[in-house]
Amino acid sequence: MKIATFNINGIKARAEALPQWLDEAAPDVVLLQEIKSVDEAFPRDLFEDRGYFVETHGQKSFNGVAILSKLPLEDVERGLPGDEDDDQARWIEATVVGKTAVRLCGLYLPNGNPAPGPKFDYKLSWMARMKDRASALLADEMPVVMAGDYNIIPQAEDAAKPEAWFEDALFRPESRAAFRRILNLGYTEAFRSREPRPGHYSFWDYQAGAWQRNNGIRIDHLLLSPQAADLLTGTGIDKEIRGRDKPSDHVPVWIELDA
DNA sequence: ATGGTTGATTTTCAA
């Protein structure tokens, strides 16, 4: 089962590039972030015509997550638990059943800039809530995949110019510590577990020729419960699509599970 | 050096 995460930065703007990549990469499951669309305006037909089931959790203008799956999506839940006042669409869950059942969590973790400030506080409190949900999911002892735009640079080797990110919410010690607290529950960061070498990125800013200079960062991750990590057979980043017409500023990151 | 670009919806915010 090939599972990918892709921050598309707007479904309307990606109406050509996303289906093209789907046809080439043929993932079984895709966790999408930043659909920037309400559910009613999401172009479901684009994906249903290609054999995908579609579940969305959108909002107007910003944020929004979705799941595409070639197998039926069961027990869909929308929203990260823990704060009834949080109305930002950043979390969706569903179960897909292949050879075995896999619980999928698609997430768009808050950016948190400028830091310090209220947006940074929101990022850290959101991560504390995510840790609680991640902990609860482990109790089921089933394969869990939590995938999305984490807006976290885990280590200096995950940035082409780490010195440029020292004060940024994506790399500040508080952010990386919160990320490690989730990992330390027992999750495996799939890409790093299979590729120890530096220099792999999933995001290049639109500004200042970041793509042309390969000034990237790796912030899109797939975290695996122990039962999912045991099924991991491969991982990759489809970086070449960043150089195409009308690209997102992120590229897909994927895993292959024997599931 | 505080630039530069993209998307959604506006004359601005978020990233």
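Just so it is clear: chains get the letters A, B, ... in the order the sequence lines come, proteins before strands, and each one is counted from 1.
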Rounding to the closest angstrom, what is the interatomic distance between [N] and [M] at atom [atom1]?
N	M	atom1	value
B:dT11	B:dA1	P	33 Å
B:dT9	B:dA14	P	15 Å
B:dT2	B:dT12	P	22 Å
B:dG4	B:dA8	P	22 Å

- More 5' along DNA chain B: A:K12 or A:A208, using each one's nearest nucleotide?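 Checking each residue's closest nucleotide, the 5'-ward one belongs to A:A208.
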- Query: Closest nucleotide of DNA chain B for A:K36 versus for A:K119: which of these residues is on the 5' side?
  - Reply: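 Looking at the nearest nucleotide for each, A:K36 comes out on the 5' side.
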- Task: May I ask you to say what A:F203 touches in the nucleic acid, namely base, sugar-phosphate or nothing, with a heavy-atom cut-off under 4.0 Å?
- Result: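 Nothing: the residue A:F203, judged by heavy atoms under 4.0 Å, touches no strand.
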- Message: Taking any heavy-atom pair under 4.0 Å as a contact, classify A:R14: base, sugar-phosphate, or nothing.
- Response: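 Sugar-phosphate, no base atom in range.
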- Task: Answer yes if the side chains of A:D220 and A:S202 hold a donor-acceptor pair under 3.5 Å, and no otherwise.
- Result: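 Yes.
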Spacing between [X] atom [atom1] and [N] atom [atom2], to the nearest angstrom:
X	N	atom1	atom2	result
A:K60	B:dA14	NZ	C1'	15 Å
A:N63	B:dA8	CG	P	13 Å
A:W204	B:dT6	CH2	P	17 Å
A:I219	B:dA15	CD1	P	11 Å
A:N7	B:dA8	CG	P	12 Å
A:H250	B:dA15	NE2	P	10 Å
A:L109	B:dA14	CG	P	17 Å
A:D149	B:dG7	CG	C1'	15 Å

- Message: Which nucleotide wins on minimum distance to the side chain of A:Y206, given the candidates B:dT5, B:dT9, B:dA15?
- Response: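 From the listed options, B:dT5 comes nearest.
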- Message: Over 60° means perpendicular and under 30° means parallel, so tell me whether A:H221 and A:F179 are parallel, tilted or perpendicular.
- Response: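 Judged by the thresholds at 30° and 60°, the geometry between A:H221 and A:F179 is tilted.
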- Message: Whether A:R172 engages the ring of A:F166 as a cation-pi pair (distance to the six-membered ring centre under 6.0 angstrom, angle to the ring normal within 45°) should be assessed.
- Response: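 So A:R172 doesn't make the cation-pi contact.
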- Distance flag, aromatic centroids of A:F6 and A:H250, threshold under 6.0 Å: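 Judged by ring-centre distance (under 6.0 Å), A:H250 and A:F6 do not meet the cut-off.
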- Side-chain ion pair, A:E189 and A:R180, N-O less than 4.0 Å: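 Salt bridge flag = no for A:R180 with A:E189.
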